[in-house]
Amino acid sequence: MDAWTRRVYEVVRSIPPGRVAPYGLVALVAGRPRAARAVGNVMLECDDPTVPCHRVVHADGSLAPSFRSQRARLRREGVRFTGARVDLRERLWAPRLPADVDRPRATRRRLGGDGGSSRRTTLKDSPAL
DNA sequence: AAAATGACTGGGA
DNA sequence: GTCCCAGCCATTT
């Protein structure tokens with residue numbers, strides 16, 4: 001087990017039940033923005049039961065054909081499907097990006113005077129359901 | 001060192 | 001909408 005694998009595991013472990021994340025997002029949070037495919041390789045070998053690998057899905061919400069139990073495991077967590085895909089609009093995981101991620105326009109500022117009108121909260125996660 | 005592999009992706013047809 | 005493909009990345013031959 002190498003560093004890359006451990007890193008991916010850690011990110012995947014932080015995806016809350018009932019939420020899903022595309023391979024590409026996992027790669028991003030893990031610090032390798034274009035390594036979506038490599039994340040897939042790690043998942044392929046993942047046998048560790050403490051890693052919710054079933055919450056990692058394709059960018060369009062569809063699932064990996066070979067991972068047969070994935071759908072059932074997701075449904076068990078309340079995730080609903082529209083045809084062959086999960087509804088990302090409702091279940092997409094909104095992670096807190098690590099500070100070291102290279103953000104071009106890091107200029108942080110309040111968006112629109114009203115935007116968060118009364119809400120001062122840090123965007124932690126997408127709204128539950 | 002070079003080539004093949006795969007639970008990936010975005011873009012074009 | 002769906003299909004296909006070149007590009008991408010870590011691993012394994």
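Residue numbers begin at 1 in each chain, while the letters A, B, ... track the order of the sequences.
For C:dG7, the base has no donor-acceptor partner in the side chain of A:R34 [N/O atoms by modelled type, under 3.5 angstrom].
One can place CH2 of A:W4 at 8 Å from C1' of C:dA10, the figure rounded to the nearest angstrom. Atom pair A:R37:CZ and C:dC5:P shows a separation of 13 Å (rounding to whole Å applied). Rounding to whole angstrom units, CG of residue A:N41 and P of B:dA4 are separated by 17 Å. The CG atom of A:L25 sits 11 Å away from the P atom of B:dG10 (whole-angstrom rounding). Atom P of nucleotide B:dA7 and atom CD of A:E45 are separated by 10 Å, given to the nearest angstrom. Computed from coordinates, the A:R32 CZ to C:dG7 P distance equals 23 Å when rounded to whole Å. Between A:H58 atom NE2 and B:dG6 atom C1' the separation is 11 Å, expressed in whole Å. Rounded to an integer number of Å, the gap from CG of A:L74 to P of B:dA7 is 18 Å.
Across all their heavy atoms, A:I15 and A:P52 have their closest contact at O-CG, 4.4 Å.
Checking C:dT2, C:dC9, B:dG6 against the side-chain heavy atoms of A:A35 singles out C:dC9 as nearest. Checking B:dT9, B:dA7, C:dT2 against the side-chain heavy atoms of A:A36 singles out B:dT9 as nearest. The side chain of A:L44 lies closest to B:dG6 when the candidates are B:dG6, C:dT11, B:dC8. Distance from the side chain of A:M43 is smallest to B:dA7 among C:dT11, B:dC8, B:dA7.
Side-chain contact check for A:T5 versus A:D2: some heavy-atom pair is nearer than 4.5 Å.
At a threshold of 4.0 angstrom between heavy atoms, the contacts of A:P65 with the nucleic acid are absent. Within the 4.0 angstrom heavy-atom criterion, no nucleotide atom of any strand lies near A:R73. Contacts of A:D2 with the nucleic acid, taken as non-hydrogen atoms under 4.0 Å apart, involve only primed sugar atoms and P, OP1 or OP2.
A donor-acceptor contact shorter than 3.5 Å is absent between the side chain of A:R55 and the backbone of A:L74.
Classification of A:D48 and A:R13 as a salt-bridged pair holds, one side-chain N sitting under 4.0 Å from a carboxylate O.
Remark: of the listed residues A:R76, A:R71, A:Q70, A:Q70 is the sole one forming a side chain to side chain contact (heavy atoms under 4.5 Å, CB included) with A:H54.
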